[in-house]
Undergrad: 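Pasting a structure here, questions to come.
What you see is a predicted model; the values in this text were computed from it and never measured. Counting starts at 1 for both ligands and their atoms, following the listed order.
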Amino acid sequence: MATTTGQWTERYGPWAVVAGASEGLGAAFADALAARGLNVVIVARRAQPLQALAAGLASRHGVQTRALAIDLSAPEGVATLLSDLSDLSVGLLVWNAALSLIGPFLEQPLEGHLRELEVNCRSPLAVVHSLGQVMAQRGRGGIILMSSLSGMQGTALVAHYAATKAWNRVLAEGLWWELGKRGVDVLASVAGATDTPGYRASTPRSREAAKVPVMSAEAVVEELLRALGRTPSVIPGRRNRWAAAFLARLLPRRVAVRLMGRTMDGLYG
Ligand SMILES: NC(=O)c1ccc[n+]([C@@H]2O[C@H](COP(=O)([O-])OP(=O)(O)OC[C@H]3O[C@@H](n4cnc5c(N)ncnc54)[C@H](OP(=O)(O)O)[C@@H]3O)[C@@H](O)[C@H]2O)c1
């Protein structure tokens with residue numbers, strides 16, 4: 001675990017990579033890591049917001065940046081990313097990029113589900129495997145994978161997205177133990193609703209939606225960075241922790257899944 005800027009650069013520097021950084025949680029990660037003295041590679045599909053963010057990070061925090069416009073769902077996406085990182089010493093990876101398809105499972109074409117699998121699971125698997133090797137050989141580093149409260153049980157209308165988020169949590173938790181012994185801190189972020197452009201675009205302004213507690217991206221990122229190196233997974237926000245404990249520990253699984261299904265029907269059905 002690191003607290004001071006010196007500890008951050010020593011433990012996770014000199015370069016951090018944030019995949020999915022053009023806005024929302026990814027942009028907040030990039031800013032928080034640059035504030036801790038790390039040089040940052042930011043990756044997403046849209047070049048323009050990435051370049052604006054890179055310029056802001058350099059001027060606000062005096063760090064080096066590299067903006068890579070790559071589609072991480074494309075077949076050559078991961079190879080391009082790894083090749084563009086080959087001259088850098090990467091000490092921290094945040095896999096934040098995700099595709100979240102909302103709606104009835106059968107109404108989404110299979111191609112959409114496969115793209116979701118690519119961005120949310122297959123691409124991070126390949127990048128964690130590659131960068132994880134280097135970090136383990138070096139004996140230090142960190143990896144953060146983004147899960148979600150929706151992945152703590154089956155969740156209707158985001159059934160496949162939720163399954164990919166469960167996958168991220170379970171992978172990160174296993175690696176926390178396995179790579180932890182080799183000096184690499186791995187963390188799963190089990191975030192609840194977070195105020196990002198992606199969340200705003202996908203959430204209706206209904207009465208049900210107004211009841212969902214929403215955190216700022218900056219608050220979520222600060223909790224996650226504090227948890228890195230201390231625990232295998234973290235649920236940012238006290239209200240989210242209560243909701244998760246209620247669903248996972250107090251309710252029978254069948255009731256929890258039905259409650260989530262009813263909530264999703266109210267929001268998106
Ligand atoms: N917001 C929430 O309420 C919430 C809750 C729980 C978990 N999470 C998790 O937190 C993470 C970030 O969420 P967010 O709300 O900040 O998402 P977002 O606003 O949709 O941002 C996602 C980022 O990923 C990039 N991205 C998406 N597809 C990509 C692709 N194919 N290739 C490269 N980059 C891609 C996007 O940039 P481009 O469009 O420029 O490519 C963007 O920078 C996700 O993993 C999500 O599952 C979010």
Undergrad: Can you tell me which residue and heavy atom of the protein come closest to atom 34 (N) of ligand 1, and the distance to 0.1 Å?
TA: Ala44 CA, 3.5 Å
Undergrad: Have a look at ligand 1 and work out which part of Ala74, if any, has a heavy atom under 4.0 Å from it: side chain, backbone, both or neither.
TA: neither
Undergrad: To the nearest 0.5 Å, how far apart are CZ in Arg253 and CE in Met152?
TA: 8.5 Å
Undergrad: Would you mind finding which of Asp71, Asn96, Leu50, Leu53 brings a heavy atom closest to atom 45 (O) of ligand 1?
TA: Asn96
Undergrad: Got a second to check how far Thr231's OG1 is from Leu187's CG, nearest 0.5 Å?
TA: 7.0 Å
Undergrad: Between Leu25 and ligand 1, does any nitrogen or oxygen pair lie at a separation below 3.5 Å?
TA: yes
Undergrad: Near Glu23, which atoms of ligand 1 are under 4.0 Å from a heavy atom of that residue?
TA: 19 (O), 43 (O)
Undergrad: Looking at ligand 1, does Gly192 have a heavy atom less than 4.0 Å from it?
TA: yes
Undergrad: Glu116 and Lys165: salt bridge (charged side-chain N to carboxylate O under 4.0 Å, His left out), yes or no, with the steps?
TA: CA-CA 11 Å; Glu116 194 167 45; Lys165 293 288 132 177; over 6 Å; no
Undergrad: Consider ligand 1: state whether an atom of it lies below 4.0 angstrom from any non-hydrogen atom of Ser100.
TA: no
Undergrad: Hey, what do you get for CG (Asp185) to CZ (Arg140), rounding to the nearest 0.5 Å?
TA: 11.0 Å
Undergrad: Are Tyr199 and Leu25 linked, directly or through intermediate hydrophobic residues, by side-chain heavy-atom contacts shorter than 4.5 Å (ILVMFWY only)?
TA: no
Undergrad: Who's closest to atom 19 (O) of ligand 1 heavy-atom-wise, of Gly198, Ala30, Ser189, Ala217?
TA: Gly198
Undergrad: Using a 4.0 Å cut-off to any heavy atom of Arg46, which atoms of ligand 1 qualify?
TA: 37 (O), 38 (P), 39 (O), 40 (O)
Undergrad: Would the number of heavy atoms belonging to other residues, nucleotides or ligands and lying under 6.0 Å from CD of Glu10 be above 12?
TA: no
Undergrad: Using non-hydrogen atoms of the residue, decide whether Arg115 is closer than 4.0 angstrom to ligand 1.
TA: no
Undergrad: Using a plain distance cutoff, I'd like to know if Arg45 has any nitrogen or oxygen under 3.5 Å from a nitrogen or oxygen of ligand 1.
TA: yes
Undergrad: Which of the atoms of ligand 1 are close to Ser148, meaning less than 4.0 Å from one of its heavy atoms?
TA: 6 (C), 7 (C)
Undergrad: With distance as the sole criterion, is a donor-acceptor pair present between the side chains of Thr3 and Gln7 under 3.5 Å?
TA: yes
Undergrad: Look at ligand 1 and say whether Ser147 reaches it with a heavy atom at a distance under 4.0 Å.
TA: yes
Undergrad: Using side chain to side chain contact (heavy atoms under 4.5 Å, CB included) as the criterion, point out the one residue from Val17, Ile144, Val43 that pairs with Val94.
TA: Ile144
Undergrad: Just need the protein heavy atom nearest to atom 6 (C) of ligand 1, so name the residue and atom and give the distance.
TA: Ala191 O, 3.3 Å
Undergrad: Any atoms of ligand 1 less than 4.0 Å from a non-hydrogen atom of Gly24? List them with their elements.
TA: 16 (O)
Undergrad: Among protein heavy atoms, which sits nearest to atom 43 (O) of ligand 1, and what does the distance come to when rounded to 0.1 Å?
TA: Ser22 OG, 2.7 Å
Undergrad: Looking at Leu247, Ile235, Thr155, which one forms a side chain to side chain contact (heavy atoms under 4.5 Å, CB included) with Leu149?
TA: Ile235
Undergrad: Report the distance from atom CH2 of Trp15 to atom CZ of Arg66, rounding to the nearest 0.5 Å.
TA: 6.0 Å
Undergrad: Using a strict 4.0 Å threshold on nitrogen-to-oxygen distance, state whether Glu223 and Arg230 make a salt bridge.
TA: no
Undergrad: If you measure from atom 17 (O) of ligand 1 to every heavy atom of Thr196, Val43, Leu72, Val94, which option wins on shortest distance?
TA: Thr196
Undergrad: Under 4.0 Å from any heavy atom of Ala21, which atoms of ligand 1 are there?
TA: 43 (O)
Undergrad: Going hydrophobic residue to hydrophobic residue with side-chain gaps under 4.5 angstrom, can you get from Val221 over to Val40?
TA: yes
Undergrad: Only heavy atoms of Ala193, strictly under 4.0 Å: list the atoms of ligand 1 that pass.
TA: 3 (O)
Undergrad: My understanding is that we take every heavy atom of each candidate and find the minimum distance to atom 9 (C) of ligand 1. Doing that for Tyr161, Phe29, Tyr199, which one comes out nearest?
TA: Tyr161
Undergrad: Among protein heavy atoms, which sits nearest to atom 24 (O) of ligand 1, and what does the distance come to when rounded to 0.1 Å?
TA: Gly20 CA, 3.3 Å
Undergrad: For atom 1 (N) of ligand 1, which protein heavy atom lies nearest, and how many Å away is it?
TA: Thr194 O, 3.2 Å
Undergrad: Considering the heavy atoms of Ile70, write down every atom of ligand 1 situated less than 4.0 Å from one of them.
TA: 32 (N), 33 (C)
Undergrad: For Arg239, is the CZ atom crowded, meaning more than 12 foreign heavy atoms sit under 6.0 Å from it?
TA: no
Undergrad: Nearest 0.5 Å, what's the CZ-CD distance between Phe29 and Glu218?
TA: 11.5 Å
Undergrad: Select one of side chain, backbone, both or neither to describe which atoms of Ala19 lie under 4.0 Å from any atom of ligand 1, heavy atoms only.
TA: neither
